[in-house]
Amino acid sequence: MRVWTRQVPQVWEEIQTTGRYLVREEYVRAKNLEISDYYIGLYRWLTEMLRSRIDMPADAKFPVWLALTEEQRLPLAPNTISLTLNIPDEHLYLLDYDKWGYRVNLWYVPLDSEDEARHNEELARMGIGNEALLITSSQGNFYPLLKRKIESSWMRIFEGPNERMDLNVGVVFEILPEWVEEVEFYD
């Protein structure tokens, strides 16, 4: 599948030098600064959940995020490159971007809009204004069933991508030189 990713130029250098690129923890930390620990935990969870779903290297720890349509491509910016890749399907995983967003925010991933409305009504009845606190604070100790319901719902992100490709995001766990079709450098 043809996909795109924006990276720093060192990624292309690493592909050429070592024959592949893997995201390392220091890259996640450099990009996310004070919220790095959160993203590292989130990406480790995603990586472990995807190990049995796609072909990935044993030493992969973090995802490379991919745009699946030309419209989703991030524009070039200073100190970036854009890689156009053609990735074999067995190495690529597609996620519904909205469902992933719910997971990132520690929210309940609903089955549909009606399920989401029922869930929000349940939160309102209980006086819960920020459902993420059920996961990140001791508030979850007072509502263990609700906390478990939210955490269990996160598996819904693996039920398949959205039917509309522009509402999905791609994930791969390495970039190999034979997958690179084009490298665009920022001028």
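FYI, side chains are in, hydrogens and waters are out, and symmetry mates aren't considered; it's all heavy atoms of this structure.
Judged purely by atom type and a 3.5 angstrom limit, Asn86 uses its side chain to pair as donor or acceptor with the backbone of Met1. With Asn168 contributing its side chain and Leu94 its backbone, the two residues share no donor-acceptor pair below 3.5 Å. Checked by atom type and distance alone, the side chain of Asp112 pairs as donor or acceptor with a backbone atom of Asp115 at under 3.5 Å.
No donor-acceptor contact under 3.5 angstrom links the side chains of Thr84 and Arg2, judged on distance only.
Contact check for Ile157 versus Tyr102: no side-chain heavy atoms found under the 4.5 Å cut-off. A heavy-atom distance below 4.5 Å is not found between the side chains of Arg118 and Pro110. When side chains are defined from C-beta on, Leu95 counts as touching Leu46, because their heavy atoms get closer than 4.5 Å. The shortest side-chain heavy-atom distance between Val23 and Val28 falls under the 4.5 Å cut-off. When side chains are defined from C-beta on, Ile135 counts as touching Lys147, because their heavy atoms get closer than 4.5 Å. Two residues are said to be in side-chain contact when any heavy atoms from C-beta on lie closer than 4.5 Å; Leu76 and Phe185 fail this criterion. The shortest side-chain heavy-atom distance between Asn162 and Asp98 does not fall under the 4.5 Å cut-off. A heavy-atom distance below 4.5 Å is not found between the side chains of Ile150 and Leu106.
Taking Pro57 as the reference, Arg20, Leu22, Asp59, Ala60, Phe173, Glu174 meet the side chain to side chain contact (heavy atoms under 4.5 Å, CB included) condition, with sequence neighbours excluded. Residues that satisfy the ring pair (Phe, Tyr, Trp, His ring centres under 6.0 Å) test with Phe158, not counting sequence neighbours, are Trp45.
Nearest heavy atom pair, residue Ile15 against residue Ile175, reads CD1-CG2, 3.6 Å. Between Pro63 and Thr47 the shortest heavy-atom distance is CD-OG1, 4.1 Å. In terms of heavy atoms, Ser36 sits closest to Leu33 at OG-O, 2.6 Å. The two residues Leu167 and Gln72 have their closest heavy-atom pair at N-NE2, 4.5 Å. The minimum heavy-atom distance linking Gly19 with Leu176 is given by the pair O-CD2, 3.8 Å. Listed here is the closest heavy atom pair of Leu92 and Ile54: O-CG2, 3.6 Å.
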Problem - Verdict with reasoning, Glu151 to Arg148, per salt bridge (charged side-chain N to carboxylate O under 4.0 Å, His left out) - result: CA-CA 5 Å; Glu151 290 174 334; Arg148 195 170 318 128; over 6 Å; no

Practice task
Evaluate salt bridge (charged side-chain N to carboxylate O under 4.0 Å, His left out) for Asp96 paired with Arg156, printing each intermediate quantity in order.
Solution key: CA-CA 10 Å; Asp96 180 304; Arg156 291 186 183 134; over 6 Å; no

Exercise for the section: Just do the salt bridge (charged side-chain N to carboxylate O under 4.0 Å, His left out) check on Arg24 and Glu14 with the steps written out, would you? Expected result: CA-CA 12 Å; Arg24 292 194 290 272; Glu14 187 171 329; 3.0 Å; yes

Exercise for the section: Could you go through the side-chain contact (heavy atoms from CB on, under 4.5 Å) check for Val172 and Tyr93 one step at a time? Expected result: CA-CA 7 Å; Val172 71; Tyr93 197 84; over 6 Å; no

Problem - side-chain contact (heavy atoms from CB on, under 4.5 Å) evaluation trace for Met155 with Met49 - result: CA-CA 9 Å; Met155 297 307 288; Met49 295 295 110; 3.7 Å; yes

Practice task
Go through the steps for Tyr27 and Tyr21 under the test side-chain contact (heavy atoms from CB on, under 4.5 Å), then give the verdict.
Solution key: CA-CA 12 Å; Tyr27 300 163; Tyr21 168 70; 3.4 Å; yes

Exercise for the section: Mind running salt bridge (charged side-chain N to carboxylate O under 4.0 Å, His left out) on Arg44 and Glu25 for me, showing each step along the way? Expected result: CA-CA 10 Å; Arg44 283 185 177 145; Glu25 185 172 327; 2.8 Å; yes

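Electrostatic pairing of Arg73 and Glu70 counts as a salt bridge here, judged by a charged N lying under 4.0 Å from a carboxylate O.
Val104 and Val169 fall within the same hydrophobic cluster, where Ile, Leu, Val, Met, Phe, Trp and Tyr residues are linked whenever their side-chain heavy atoms come under 4.5 Å apart, directly or through other members. When hydrophobic clusters are built by joining Ile, Leu, Val, Met, Phe, Trp and Tyr residues whose side-chain heavy atoms come closer than 4.5 Å, directly or via intermediates, Tyr38 is grouped together with Trp154. Cluster membership check: Leu74 does not share its hydrophobic cluster with Val171, using side-chain heavy-atom separations under 4.5 Å among Ile, Leu, Val, Met, Phe, Trp and Tyr.
To the nearest 0.5 angstrom, Trp4 atom CH2 is 9.5 Å from Leu85 atom CG. Going from atom NZ of Lys61 over to atom CD of Glu48 covers 10.5 Å, rounded to the nearest 0.5 Å. Here CG of Asn32 is found 8.0 Å from CD1 of Ile40. Values are rounded to the nearest 0.5 Å. Residue Ser153 holds its OG atom at 10.5 Å from NZ of Lys99, rounded to the nearest 0.5 Å. Interatomic distance, CG of Leu68 versus CE of Met165, reported as 6.0 Å (0.5 Å rounding). Put simply, CG on Asn79 and CD on Gln7 are 11.5 Å apart, with the number rounded to the nearest 0.5 Å.
You'll find the ring centres of Trp65 and Trp100 inside the 6.0 Å limit.
At most 12 heavy atoms of other shown residues, nucleotides or ligands fall within 6.0 angstrom of atom CZ in Phe142. Around NZ of Lys149, the count of heavy atoms belonging to other residues, nucleotides or ligands within 6.0 Å exceeds 12. The environment of CD in Glu163 is sparse: at most 12 heavy-atom neighbours from other residues, nucleotides or ligands sit within 6.0 Å.
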With a 3.5 Å cut-off and sequence neighbours excluded, list the donor-acceptor pairs that the side chains of residues 123-133 form with protein atoms.
unit_1, atom_1, unit_2, atom_2, d
Asn130, OD1, Ala132, N, 3.1
Glu131, OE1, Tyr108, N, 2.8
Glu131, OE1, His119, NE2, 3.1

